[in-house]
Amino acid sequence: MDVARRSTMETAAGKGRRPGPMKVKVVDENDVVVVGAKASDALPLPLYLTNAVFFTLFFSVVYFLLTRWREKIRTSTPLHVVNLSEIVAILAFVASFIYLLGFFGIDFVQSLILRPSNDVWATDDDEEEHERMILKDDARKVPCGAGLDCSIPQIAPIASPKAVAQKVFDKEVVISTPTDFSTQPLSEEDEDVIKAVLSGSIPSYSLESKLGDCKRAAAIRREALQRITGKSLGGLPLEGFDYESILGQCCEMPVGYIQIPVGIAGPLMLDGREFSVPMATTEGCLVASTNRGCKAINLSGGASSVLLRDGMTRAPCVRFNSAKRAAELKFFLEDPNNYDTLATVFNRSSRFGRLQTIKCAIAGKNLYMRFTCSTGDAMGMNMVSKGVQNVLDFLQNDFADMDVIGISGNYCSDKKPAAVNWIEGRGKSVVCEAVIKGDVVRKVLKTNVEALCELNMLKNLTGSAMAGALGGFNAHASNIVSAIYIATGQDPAQNVESSHCITMMEPINDGKDLHVSVTMPSIEVGTVGGGTQLASQSACLNLLGVKGANREAPGANARLLATVVAGSVLAGELSLMSAISAGQLVRSHMKYNRSSKDVSAVASA
């Protein structure tokens, strides 16, 4: 199969335009020609030969001219006096320079100015291969896509299916699918690009950079995926999303987006302010239960919170030839006299990243250094990593025998349950408490103070200890944390350590009222960066009043968000524990978290 490829970049002088759409012409089943214009079209030679000729010419004439000019300087001959061979060499230099600039320079400058590259998964070998003018003959007799069985299996129709006719390599097949969210019909040009993706001549990951249109790239990738797998994506929405906003930072190779309903719990009265808490979840009862907890807190005068610590961590692992040398570095890092020097080196990486502490641990001749720093309103993983890299480079001067094993040695510890986070904290450490009046416990929560305290001791404390829980001395903190994290654009995987929580309940005022608290040592949140910039998540942050960075007090928005998370967990714990105590858990879930259909009737049908 012969495939000729050209750049889709328009290089008209002075026009600075975005990359235009790539035009693909299908000659027959075995020939796909991608048409464009590039400087390398000047010679009727294969791309690698053309490049070799101009590279050789360029460096040869440069060497010749430098040699001639050195001779003139040595013999005091004016440089502007040239002979015929030098004139030819200068012309050859200019011609080869123009060619190389047109071939390599324009695409490079446009890639910097117009958009970030989306080929984040491409290796150097892939890029070199895909920039060839003519690919080698493929040993296959048919294109990749032609060998696939693209017909859709016969399945029972779902909710008014719509028949869609699609052309797959000159064969008409009828696909019965649910109503597709991508309502735009495929053009002939898009159909040709899909065939090129199926044949392997255009990598799926490079569609954004090749087409210059993120939504169109997602639609084409989606259709190619459906044909390769023979499975319909009709229920996965494509329209109504800004694919430009995730390019190069949130998600690679998108084919649509997931819809998760967002419910509102509250208002939650916390530290004298009311918050309407957005929760993205598909679990019935969760929002309703948290909302009931918010009501009980509000009727009792609200909750209060205290921020204990605020610092993101990163712990690289380094190795020495002996444990003695590892201990020497440990003593150096933990010496207070060296702190100012290390902090100066660390703080160069960011305006907001400020080194707080360095805690070291030794395992044989391996040293783990746990750096903690403030990160402003960002969650801060990248910020602390850059600062740690600065310190590692600095330490190489005095500890040249230090072998850096990895920037992260799991002593941080990120996205894993770890005692170091439970004890030392990571991100924001928060305590939130409230006093719930006895009559509110009886009338709203439908239980009593004594029963709640006994259940908390036997379930959250004793039961968790029997299970060997690590930071899991609670009823369902991760439910609330995950729902708020998804709604506000946090990293859902950090729910693991962010849900570390111990719930405490005890009677006060002669047993009439209930004191309840949650202690959460590692809430990892941010209000800038990552998914917080997406429209839906940004709207939820705006609802809480913590959207973006706080200009007056950097870090205040992220800290406030952490306290809201803790306050919402407090409400969720209070309501679920009350439901269990009153024997309402099963009834509530059967009412709100189950389908009302007659399952036996459906099964028999």
Side-chain angles (χ1 to χ4, degrees), residues 257-271 273-298 302-303 305 379 427-428 430 432 434 444-445 474-501 503 516 518 520 522-527 530-547 557-580 584-585 588-589 591-594:
Y257 61 96
I258 293 293
Q259 294 173 309
I260 301 180
V262 177
I264 298 297
L268 169 67
M269 178 65 74
L270 178 65
D271 297 325
R273 297 177 56 183
E274 288 189 348
F275 297 92
S276 295
V277 183
M279 301 176 66
T281 180
T282 56
E283 179 181 347
C285 284
L286 180 58
V287 177
S289 177
T290 307
N291 189 66
R292 184 175 74 149
C294 291
K295 179 181 179 181
I297 292 173
N298 287 3
S305 65
M379 185 270 289
K428 278 72 175 169
V430 181
C432 189
V444 177
L445 302 178
N474 58 81
H476 71 148
S478 64
N479 253 339
I480 290 86
V481 172
S482 295
I484 298 177
Y485 272 28
I486 295 172
T488 59
Q490 311 303 313
D491 187 342
Q494 289 184 323
N495 163 70
V496 175
E497 62 267 37
S498 295
S499 296
H500 282 348
C501 171
T503 301
V516 57
V518 293
M520 306 180 69
S522 50
I523 301 177
E524 299 167 350
V525 293
T527 59
T532 64
Q533 65 184 342
L534 300 179
S536 301
Q537 289 81 344
S538 180
C540 291
L541 289 172
N542 188 56
L543 177 65
L544 292 171
V546 294
K547 177 182 176 181
N557 283 356
R559 290 190 288 269
L560 180 57
L561 178 58
T563 62
V564 171
V565 171
S568 303
V569 169
L570 180 69
E573 290 287 282
L574 187 60
S575 183
L576 176 59
M577 292 293 288
S578 299
I580 296 175
Q584 300 171 338
L585 179 64
S588 299
H589 274 268
K591 180 177 180 181
Y592 295 106
N593 200 26
R594 290 293 181 269

Side chains of Thr532 and Gln537, donor plus acceptor under 3.5 Å
no
Using 0.5 Å steps for rounding, measure from the CE atom of Met279 to the CD1 atom of Ile486.
10.5 Å
So, Asn495 side chain and Tyr485 main chain: donor-acceptor pair closer than 3.5 Å or not?
no
Donor-acceptor under 3.5 Å (Ser498 side chain, Glu524 main chain):
yes
Given 3.5 Å as the limit, does a donor-acceptor pair link the side chain of Ser522 with the main chain of Glu497, or not?
yes
Side-chain donor/acceptor of Thr563 to backbone N/O of Leu560, under 3.5 Å:
yes
Quick check: does any side chain N or O of Asn557 sit under 3.5 Å from a backbone N or O of Thr527, one acting as donor and the other as acceptor?
no
Cys294 and Ala571 have their tightest heavy-atom pair at N-CB, 3.6 Å
Under 3.5 Å side-chain donor-acceptor pair for Ser499 and Ser478:
no
CG of Leu270 to CD1 of Ile297: how many Å apart, nearest 0.5 Å?
8.5 Å
I need the minimum non-hydrogen distance between Leu543 and Ser276, along with the two atoms involved.
CD2-O, 3.6 Å
Give me the atom names and distance for the closest heavy-atom approach of Ile484 to Val277.
CD1-CG1, 3.7 Å
Write down the atom of Gly572, the atom of Ile480, and the distance for their closest heavy-atom approach.
CA-CD1, 4.0 Å
In terms of heavy-atom contacts, Gly526 and Leu561 come closest through O-CD2, 4.0 Å
Here the pair of heavy atoms bringing Leu268 nearest to Val564 is CD2-O, 4.3 Å
Is a side-chain donor or acceptor of Ser575 paired with a backbone partner of Ser289 at a separation under 3.5 angstrom?
yes
Is the backbone N or O of Cys501 less than 3.5 Å from a side-chain atom of Asn474, with the two atoms forming a donor-acceptor pair by type?
yes
